[in-house]
Every structure is written in C-alpha cells, then in structure tokens.
Asks: 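So that we are looking at the same thing, I have put the structure below in structure tokens.
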2 protein chains.
Amino acid sequence: MGAELRLRVLVVDDEPQIRKALEINLRARGYGVELAATGEESLLLAAERPVDLALIDLGLPGIDGIEVVRGIRGWSDLPVIVLSVRESEQDKVEALDAGADDYVTKPFGMAELLARMRAVTRRSAGRDGEAAVLVAGELVIDLAARTVSAAGQPVSLTPIEWRLLEALARHPGKLVTQRQLLQQVWGPAYERETNYLRVHFANIRRKLEPVPAQPRHVITEPGIGYRFQL
Amino acid sequence: MGAELRLRVLVVDDEPQIRKALEINLRARGYGVELAATGEESLLLAAERPVDLALIDLGLPGIDGIEVVRGIRGWSDLPVIVLSVRESEQDKVEALDAGADDYVTKPFGMAELLARMRAVTRRSAGRDGEAAVLVAGELVIDLAARTVSAAGQPVSLTPIEWRLLEALARHPGKLVTQRQLLQQVWGPAYERETNYLRVHFANIRRKLEPVPAQPRHVITEPGIGYRFQL
DNA sequence: GAGAGGCGTCAAGAACCCGATAAGGCCGCT
DNA sequence: AGCGGCCTTATCGGGTTCTTGACGCCTCTC
C-alpha cells in the first residue's frame with residue numbers, strides 16, 4: 001500500500017514568486033503541483049483535477065482565501081493549509097473555523113511547511129474511496145453531485161438541510177452528536193442552539209421520510225445526537 | 001445538570017501556572033480537563049481515562065514531550081497538539097513527524113489554541129475508526145457507532161446508561177471504581193451519590209441481561225465498583 | 001444472633017428533551 | 001415594490017429520563 005503514490009498539491013497564491021518557489025520546492029520533494037492565482041481559478045481546478053492537499057493564500061484578489069476554503073469544504077474534506085502574512089488571532093480563528101486544517105504565517109520555513117503537510121495528510125490518509133452514492137431503501141443520496149431523491153422523485157434541500165444530511169450520511173450508522181453538527185454547520189459559537197437541529201431535521205424528514213412522524217433513516221438519539229440509518 | 005457531552009482534554013505541562021491557566025480557560029469553554037505534570041504521569045492517565053485530545057508541553061522533566069507523543073501514537077490515534085517555547089524549525093519538524101497534529105509556540109493566544117483544537121478534533125471526529133466492536137455472548141457493543149444489541153435485537157440506552165456502559169466496556173474485565181464512574185458521568189461533585197449507580201445499573205441490566213437478577217456481564221464488586229465481564 | 005452497611009427494586013414527582021407549529025425578519029429575485 | 005424562500009425564534013404539549021426516597025434482602029462483623 002505504501003507504493004509511493006505521488007501526492008498532488010494545489011497551490012493558490014497571487015504572487016508569482018511564491019508560486020514559483022513553492023512549486024520548485026514541492027516538486028523537488030516528489031509532490032505533483034497544480035497552480036492557481038485566484039480563488040475562482042482554484043475552485044475550478046480543484047473540482048476538475050483531484051488533488052490531495054491544498055495550500056491557500058489568504059490575500060487573494062477577487063474571492064477571498066477564506067471563501068475558497070469554505071467553497072472546498074462544501075463538497076469535500078480535502079486537507080487545507082492556509083498561508084498568510086496576517087498574524088492576528090482573529091484571522092487565524094476565522095480561517096481554522098472555516099475548515100482549514102492548519103494556518104502558517106509567512107514567512108515560513110520550508111521544512112516546517114513540509115512537516116505540517118505530512119501531519120494533515122497523515123490524518124486524512126485513512127479515508128474511504130468514492131462511495132459517493134448511497135442507497136437507503138427508497139432514498140438515494142449522491143454526495144458528489146449533491147442530489148437526493150426519495151421514491152424516485154428528486155428532492156430539493158436548502159443549504160443547511162443539505163449540510164446536516166451530508167454530515168450524517170458521510171458516516172452511515174454512526175451517531176453524530178448535536179455538538180458536532182452545530183459546530184460543522186453553524187460554527188463553534190452555536191454549540192448550544194439545539195433547537196436549530198429540531199426545526200431543520202423536522203423539515204428534512206418532511207421531505208425525505210415516507211412517514212415523517214416515524215422516521216426510518218434520520219434517527220434521533222435523545223439527548224445525544226442523530227444517526228443516519230441505512 | 002444536563003447531560004453535557006463535553007470533550008475531555010489531557011493537559012501535560014510541568015509549570016503549575018500554565019496548567020492552571022489552561023485548566024481555567026478550558027473548563028470555562030465547557031471542556032473536561034485532566035492534568036498531568038510529567039510524561040510518566042500523562043501516559044498512565046491517558047491509558048486509564050479516555051480523553052479526546054491532548055495538549056503536551058515539550059520541555060518536560062523526565063520523559064521528553066516528544067517521547068510522550070510517540071508513546072501515545074503507539075496505541076492510539078488521539079489528536080495531539082504540542083505546546084512549546086522552542087521556535088526552531090527542527091523542533092517543529094521533529095514533533096510533527098513524531099505524530100503530533102499541530103505545534104503551537106508559546107506564548108500563544110487562547111482563541112488561537114481553541115480554534116486549533118477545534119480543527120484537529122473536527123478531523124478526527126470524521127474518520128471512521130477501526131471497528132471498535134465488542135462481543136460478549138449475545139451482547140454486541142459498537143463503541144464507535146454508539147449502538148448496543150442484545151440477542152440480535154437493538155437496544156436503546158439513555159445518555160447516562162450509555163456513558164456508564166461505555167466506561168466499563170472500554171476496559172473489559174477491569175474493575176472501575178464507583179468514584180471513577182461518578183466522576184466521569186456526573187462530575188467531581190457527585191462522588192458520594194452511589195445510589196445513582198445502583199438505579200442506573202439496574203436499568204442497564206434490565207435492558208441487556210437475559211436474567212437481570214443474575215447478571216453475566218455487568219458485574220458489581222461490592223463496596224468497590226463495577227466490572228464488564230466479556 | 002443481632003446490628004450495620006451495602007445492594008437491588010420500586011414508584012412518584014420533577015426536570016428535561018423532542019416534535020410540531022407559526023410568526024417574523026432577512027435576502028434575493030422578478 | 002412586491003413576492004417567495006429560507007432561517008431564526010418562541011411557544012406548547014407529550015413523552016421520556018433523571019432524581020429522590022423508601023423498603024427489603026443479603027453479607028459481613030462483632
């Protein structure tokens with residue numbers, strides 16, 4: 001399994017010198033490198049060419065780096081390291097809570113960056129393959145295409161509904177705590193707002209479950225969280 | 001108090017002031033905190049009491065912080081954040097390659113640390129751990145999915161019941177004292193309320209044991225505690 | 001053999017959690 | 001401006017869970 005698959009890295013930075021420097025260093029270490037100069041470009045690239053890791057600069061023209069992170073997190077759990085000249089705690093917190101796995105302030109040493117890259121890829125190494133479509137009775141959920149259909153009919157979910165369903169469906173059968181859901185969908189400041197979950201899961205069940213009062217797939221574990229039952 | 005499902009953090013640092021400061025800040029944020037001053041102590045604690053995250057100082061007397069990280073990585077993939085005054089790249093690389101998930105140099109801002117803690121726990125929460133399934137006769141306990149079934153039938157446990165069963169099942173065969181159980185499930189202020197244990201274990205046995213009056217798996221050690229028999 | 005302490009059982013009230021529903025505000029679209 | 005979708009917020013009822021106290025049985029000690 002340890003067959004030296006070369007990892008592919010997406011580098012997003014608007015300064016050509018930094019792009020060049022990173023490209024040279026990473027290629028020398030055996031990484032494959034994709035380059036993007038703007039947020040728009042990076043999102044397109046990430047969608048069409050699968051990469052294993054993204055290095056994203058915060059100070060981008062156009063779409064901000066934070067938005068790029070959010071955009072990526074919307075449909076994948078690709079490891080993301082943010083690079084930035086901004087040293088303020090608020091910037092770091094914002095980027096990390098947007099879904100970044102690490103935050104490195106420029107200027108940084110190449111050895112440290114490489115070590116941090118190894119650390120975050122190590123974590124996500126054990127992920128599943130592309131089990132992107134999941135079938136549960138009359139329910140069909142396509143995680144990649146972001147589509148759901150119940151009893152053959154396509155169902156349209158609101159953004160929040162989709163993120164909640166996705167958080168459950170990514171780990172079928174496993175229990176996801178209220179805290180995890182609130183943190184993933186709304187952010188760490190909303191960990192106590194369990195009423196959000198009640199309202200939105202009620203809406204989800206109304207759309208997906210044949211008998212919303214007796215849900216078969218979106219199960220609630222009182223006092224703990226929710227579970228997606230296949 | 002409500003059934004707070006809080007994350008438990010192990011703090012390893014030899015300076016009492018830093019331990020205290022971290023403890024106060026983390027508790028205020030709703031984390032459970034275990035403290036250790038030396039590497040030896042921390043390894044013992046980590047093995048005995050399950051925590052969800054470890055904050056480890058590098059400059060420890062006795063066993064070095066790096067060795068603590070390696071020790072933990074030897075048997076678990078617990079998220080680990082290293083705290084250190086050392087700023088050299090070599091120290092960072094060494095710690096990260098030893099298995100640490102992040103490296104924060106002192107002094108650091110509390111907001112940043114909390115954000116980095118959220119980032120690493122978010123990662124490790126999502127991955128499907130190795131099948132942590134425990135089979136004891138007609139009992140099947142899935143610690144990862146948080147499900148229990150007896151004689152093929154799924155059993156639903158209340159939050160407190162689950163936490164008690166989990167505390168026993170994480171160390172099959174080992175004796176867990178009443179004090180440990182009360183402290184883990186209800187908090188340190190409830191160490192005397194052994195009647196809670198009697199009531200809830202009676203309910204657990206009623207749900208799990210074929211003959212609740214003659215329990216085969218949830219064994220009580222009079223005057224000391226309880227034990228999970230495989 | 002008597003007493004004390006620990007344990008299991010039971011039941012009742014309080015506290016808690018969930019689902020349902022609806023009103024109000026915000027935003028984008030026409 | 002008007003409209004509609006979406007999210008937030010509040011309230012209510014019903015069901016479950018937790019706590020608390022009481023009682024009887026067992027075992028261990030004196």
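All chains are named by letter (A, B, ...) in the order of the sequence lines, taking the proteins before the strands, and each is independently numbered beginning at 1. Computed from heavy atoms alone, side chains included, the values below leave out hydrogens, waters and symmetry copies. None of the values given here were measured: they were computed from a predicted structure.
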Asks: If we count only N and O atoms by modelled type, under 3.5 Å, do the side chains of B:Asn195 and B:Arg198 hold a donor and an acceptor together?
Replies: no
Asks: Give one of base, sugar-phosphate or nothing for B:Thr220, where a contact means two heavy atoms less than 4.0 Å apart.
Replies: sugar-phosphate
Asks: Could you state the CD1-P distance from B:Ile160 to D:dT16, rounded to the nearest angstrom?
Replies: 17 Å
Asks: If only side-chain N and O atoms of B:Trp186 are considered, is one of them under 4.0 Å from the OP1 or OP2 phosphate oxygen of D:dT19?
Replies: yes
Asks: By the 4.0 Å heavy-atom rule, please label A:Tyr190 as base, sugar-phosphate, or nothing.
Replies: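 Nothing: the residue A:Tyr190, judged by heavy atoms under 4.0 Å, touches no strand.
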Asks: Between A:Arg198 and B:Lys207, just flag the one whose closest nucleotide in DNA chain D comes earlier from the 5' side.
Replies: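 It is A:Arg198, whose closest nucleotide lies nearer the 5' terminus.
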Asks: Quick one: B:Asn195 CG to C:dC10 P, roughly how many Å, whole number?
Replies: 17 Å
Asks: Quick one: B:Glu221 CD to D:dC28 P, roughly how many Å, whole number?
Replies: 13 Å
Asks: Out of C:dA20, C:dC7, D:dT17, which has the shortest distance to the side chain of B:Pro222?
Replies: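 In terms of side-chain proximity for B:Pro222, the closest of C:dA20, C:dC7, D:dT17 is C:dC7.
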Asks: In whole angstrom, give the distance that lies between atom CG of B:Asn203 and atom P of D:dT17.
Replies: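 Value for this atom pair: 10 Å.
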Asks: Between A:Tyr196 and D:dT9, is there a side-chain N or O to OP1/OP2 distance below 4.0 Å?
Replies: yes
Asks: Classify B:Gln178 by what it touches in the nucleic acid, base, sugar-phosphate, or nothing, heavy-atom distance under 4.0 Å.
Replies: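 Answer is sugar-phosphate: B:Gln178 comes under 4.0 Å of backbone atoms only.
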Asks: What integer distance in Å separates A:Leu157:CG from D:dC7:C1'?
Replies: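 Atom CG in A:Leu157 sits about 15 Å away from atom C1' in D:dC7.
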Asks: Sequence neighbours excluded and cut-off under 3.5 Å, please list the side-chain donor-acceptor pairs for residues 26-36 of chain B, or say none.
Replies:
residue, atom, partner, partner atom, Å
B:Arg27, NE, B:Glu23, OE2, 3.3
B:Arg27, NH2, B:Glu23, OE2, 3.3
B:Arg27, NH2, B:Val33, O, 3.4
B:Glu34, OE1, B:Arg49, NH1, 3.3
B:Glu34, OE2, B:Arg8, NH2, 2.6
B:Glu34, OE2, B:Arg49, NH1, 3.1

Asks: Between B:His200 and D:dT17, is there a side-chain N or O to OP1/OP2 distance below 4.0 Å?
Replies: no
Asks: Do A:Val148 and A:Trp162 touch side chain to side chain, with heavy atoms closer than 4.5 Å?
Replies: yes
Asks: Strictly below 4.0 Å: does A:Tyr226 bring a side-chain N or O up to OP1 or OP2 of C:dG19?
Replies: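 For C:dG19, OP1/OP2 do have a side-chain N/O of A:Tyr226 under 4.0 Å.
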Asks: Between P on C:dC17 and CZ on A:Arg192, what's the gap in Å once rounded to a whole number?
Replies: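 Rounded to whole Å, this separation is 12 Å.
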Asks: Taking all non-hydrogen atoms of both residues into account, name the closest pair between A:Ala150 and A:Val155 and its distance.
Replies: N-CG2, 3.8 Å
Asks: Below the 4.0 Å mark, does D:dC18 have OP1 or OP2 next to a side-chain nitrogen or oxygen of B:Thr158?
Replies: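 The answer is yes; a side-chain N or O of B:Thr158 sits under 4.0 Å from OP1 or OP2.
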Asks: Using every non-hydrogen atom in the two residues, find where A:Glu138 and A:Pro210 come nearest and quote the distance to one decimal.
Replies: OE1-CG, 4.2 Å
Asks: So which nucleotide from D:dT9, D:dC7, C:dC10 ends up closest to the side chain of B:Val199?
Replies: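 Nearest listed nucleotide: C:dC10.
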Asks: Could you state the CZ-C1' distance from B:Phe201 to D:dT17, rounded to the nearest angstrom?
Replies: 17 Å
Asks: Measure from the side chain of A:Arg205, starting at C-beta and using heavy atoms only, and say which of C:dG19, C:dG8, D:dT20 lies closest.
Replies: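 That would be C:dG19.
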Asks: Over how many whole Å does the gap from B:Leu164 atom CG to D:dC18 atom C1' extend?
Replies: 12 Å
